[in-house]
Amino acid sequence: MSDAKKVMITVRKPPHGSIYVHEAIEVMFIVASFGLDLSVVFIDDGVLALKTGQDTKELGIKGFMASIGAFMDFEVTKVYVDRQSLEDRNMSEADLAFIGEDETTEQPVRPTILDSSAIAALMAEQQSLMAL
Amino acid sequence: MKFTLLILDGPYNHAASDSAYQTAQAMLRRGHDIRGVFFYHDGVYNVSNASDPPQDDRNIPQRWSALGAQNIDMVVCIAAAKRRGITNELLVPNTRISGLGQLATMIIESDRLVVFGD
Amino acid sequence: MLHTLNKSPFSHTSLENCLRFIKPDDVLLLLEDGVYAATRGTSRSHLIEQALQNGHVFAMQADLKARGLTDLIDGVQLADYDKFVELLEQHSSHAWR
């Protein structure tokens with residue numbers, strides 16, 4: 001696994017106004033299932049996709065909140081959020097949806113918030129970066 | 001070097017398709033291999049054989065078809081295609097519909113991925 | 001890293017946001033509507049001037065020509081598609097779209 005290719009998916013579009021985020025999640029699940037070393041980073045309006053309390057029923061759209069809750073079940077475990085993007089939108093860690101639960105503690109897990117410098121360093125390690 | 005191109009938006013509506021095509025041509029000029037071109041999101045409209053642009057403008061689906069004729073794997077995502085009504089019967093020659101697993105395989109078998117989209 | 005950017009800085013914040021993730025020695029390549037960011041004397045010129053202090057900035061010549069843009073910020077280099085591919089040979093890339 002350690003020699004698996006490092007692939008990053010970045011999500012920068014807001015949810016529901018377009019299908020980008022929904023279809024990005026479909027790519028995440030497949031890429032993770034192929035044994036690639038996947039990191040997922042939510043930046044800019046992409047952080048809005050992780051907000052708790054989203055309900056698309058009245059839009060008549062299927063939505064993807066259930067998929068976000070199943071990230072870790074689908075091996076999408078390295079999930080990061082850009083701190084500045086959150087702050088710009090008056091959001092904090094408590095506004096972020098859970099992506100699964102910790103295998104040992106069974107505690108719900110949220111995405112990890114990183115500074116842009118840490119994300120930049122992570123980007124530099126990647127073999128392929130997919131802005132979806 | 002082996003490249004894969006990922007195209008995320010439709011033809012004509014956005015320049016992504018044109019930029020990707022010009023870049024692909026330059027890759028070939030410089031002696032590189034293109035492992036594949038993968039069409040996702042509205043990018044699946046890039047290879048529709050129902051497209052019939054004016055004679056004095058570029059024919060984007062035909063251009064991709066010609067690239068496919070050079071033994072480059074041109075793949076339309078099946079999930080994205082089904083949503084948008086793109087079927088095998090609607091594809092230009094030298095292109096095919098397959099799953100997202102093909103994108104993962106292209107990434108595994110390439111040195112570089114280059115993304116074009118709106 | 002090579003960062004490609006294809007949005008006008010007048011209608012999108014992609015450029016400002018991208019700049020937070022550019023490290024010294026990274027390369028920024030402007031293409032499509034992104035080339036408007038390379039023009040001199042605009043309310044957004046400072047963004048590219050800032051990027052030039054850290055690293056190289058290229059603008060796609062074909063996109064500049066198509067838009068009739070000639071008055072560019074000093075230090076912005078022109079790229080054709082062969083140059084773009086040369087940059088792709090040297091770096092992995094992220095598309096700020």
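The sequence lines fix the lettering, A, B, ..., with proteins before strands; numbering per chain opens at 1. Since the structure is predicted, the reported quantities are computational estimates derived from the model, not experimental observations.
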| field | Heavy-atom contact with chain B under 4.5 Å, split by part of A/F29 | value | neither

| query | Donor-acceptor pair, B/Y40 side chain versus A/A24 backbone, under 3.5 Å? | reply | no

| Pair B/K82 + A/E26, salt bridge at N-O below 4.0 Å | no

| request: Could you tell me which portion of A/L129 (side chain, backbone, both or neither) has an atom closer than 4.5 angstrom to a non-hydrogen atom of chain B? | output: backbone

| Interface residue of largest heavy-atom contact number with chain A, from B/V115, B/D42, B/L100, under 4.5 Å | B/L100

| Does CG belonging to A/N90 count more than 12 external heavy atoms closer than 6.0 Å? | no

| field | For B/I107 against A/M130, the heavy-atom pair lying closest together | value | CD1-CE, 3.5 Å

| message | Tell me whether B/D57 at atom CG has more than 12 heavy atoms from other residues, nucleotides or ligands lying less than 6.0 Å away. | response | yes

| Roughly how far apart are A/K13 NZ and B/H41 NE2, rounded to 0.5 Å? | 8.5 Å

| query | Of the backbone (N, CA, C, O) and the side chain (C-beta and beyond), which part of B/S110 lies under 4.5 Å from a heavy atom of chain A, both, or neither? | reply | backbone

| task | To the nearest 0.5 angstrom, please state how far the CD1 atom of B/I108 sits from the CZ atom of A/F34. | result | 6.5 Å

| task | Heavy atoms only, distances under 4.5 angstrom: which of B/L6, B/L103, B/D111 has the most pairs with chain A? Name it, please. | result | B/D111

| query | Rounded to the nearest 0.5 Å, what separation is found between the CZ atom of B/R112 and the CD atom of A/Q127? | reply | 7.5 Å

| said: Less than 4.5 Å to any heavy atom of chain B: does that hold for the side chain of A/V27, its backbone, both, or neither? | reply: both

| request: Check each atom of B/D9 against the heavy atoms of chain A and say whether the ones under 4.5 Å are side chain, backbone, both or neither. | output: side chain

| said: A quick test of your reading: do over 12 heavy atoms of other residues, nucleotides or ligands sit less than 6.0 Å from CG of B/N13? | reply: no

| message | When you compare the side chain of B/L113 with that of A/Q126, does any pair of heavy atoms fall below 4.5 Å? | response | no

